[in-house]
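Structure, as structure tokens:
Small disclaimer: the values here were computed from a predicted structure and weren't measured.
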Amino acid sequence: DAKTTQPTSMDCAEGRAANLPCNHSTISGNEYVYWYRQIHSQGPQYIIHGLKNNETNEMASLIITEDRKSSTLILPHATLRDTAVYYCIVRVIGGGGADGLTFGKGTHLIIQP
Amino acid sequence: NAGVTQTPKFQVLKTGQSMTLQCAQDMNHNSMYWYRQDPGMGLRLIYYSASEGTTDKGEVPNGYNVSRLNKREFSLRLESAAPSQTSVYFCASSPRGTTEAFFGQGTRLTVV
């Protein structure tokens, strides 16, 4: 799986958009970009994933650059409950997809009131 | 819909004791996983099961055994607990062919 690089921590004001960057310069053509988050003391939660097109769901938007070497997770109107560690993961989907996810240290996003 | 349920939520063991962490999912997922998370670290994969009847080692399998009892249940056993196994353990499941995993709330294990 391709290695990802994320900032260790970020702050964002409540109500503003939180933009979390991720670099994955060695990504392969068949690798997807996944985002998970982990709120303190809870299990990780899936947010969104994409291959090359931008994606949006009820939680967030995912913007992937044209060369696919980086991506940005956008939380459009951050709330205090969005304070968490956010993990960017690059992963092939194929076969059973069952050999797990590789979690790095992620970005600790702190939403300020 | 309970999702992924782990028991117990908390456990304290003495060095050398054994125990089994239980995990069950009600989403009819084929794949199940066990991870551990140490303070300030990301999650590390211990074992996974692609389907009922199959299990494979992950990144940190030493000191652990697993059983995929049926499609719903995937247990993790510590035969002789060591202080280095003090951690938070997470079970997860995912549908076949995807990496959208659903996680339990974790088991906080302390080995003294």
Side-chain heavy atoms of [X] within contact of [Y], under 4.5 Å:
| X | Y | value |
| --- | --- | --- |
| A:Q38 | B:L43 | yes |
| B:F103 | A:Y46 | no |
| B:Q105 | A:S41 | no |

Same hydrophobic cluster for [X] and [Y], using side-chain heavy-atom links shorter than 4.5 Å among ILVMFWY?
| X | Y | value |
| --- | --- | --- |
| A:I74 | A:L20 | no |
| A:L80 | A:L109 | yes |
| B:V88 | B:L45 | yes |
| B:L78 | B:V60 | yes |
| A:Y36 | A:I110 | no |

Fill in the blank from the handout: If one checks every heavy atom of B:R44 against chain A at 4.5 Å, the contacting part turns out to be neither
Practice task
Check whether B:Q37 gets within reach of chain A through its side chain, its backbone, both or neither, counting any heavy atom under 4.5 Å.
Solution key: side chain
Exercise for the section: Would you confirm whether the ring centroid of A:F103 sits within less than 6.0 angstrom of the ring centroid of B:Y35? Expected result: yes
Practice task
For chain A, find which of B:G58, B:G104, B:A101 contributes the most heavy-atom pairs closer than 4.5 angstrom.
Solution key: B:A101
Problem - Over 12 foreign heavy atoms within 6.0 Å of CZ, A:R16 - result: no
Practice task
Find the distance between CD1 (A:I47) and CD (B:E100) and round it off to the nearest 0.5 Å.
Solution key: 11.5 Å
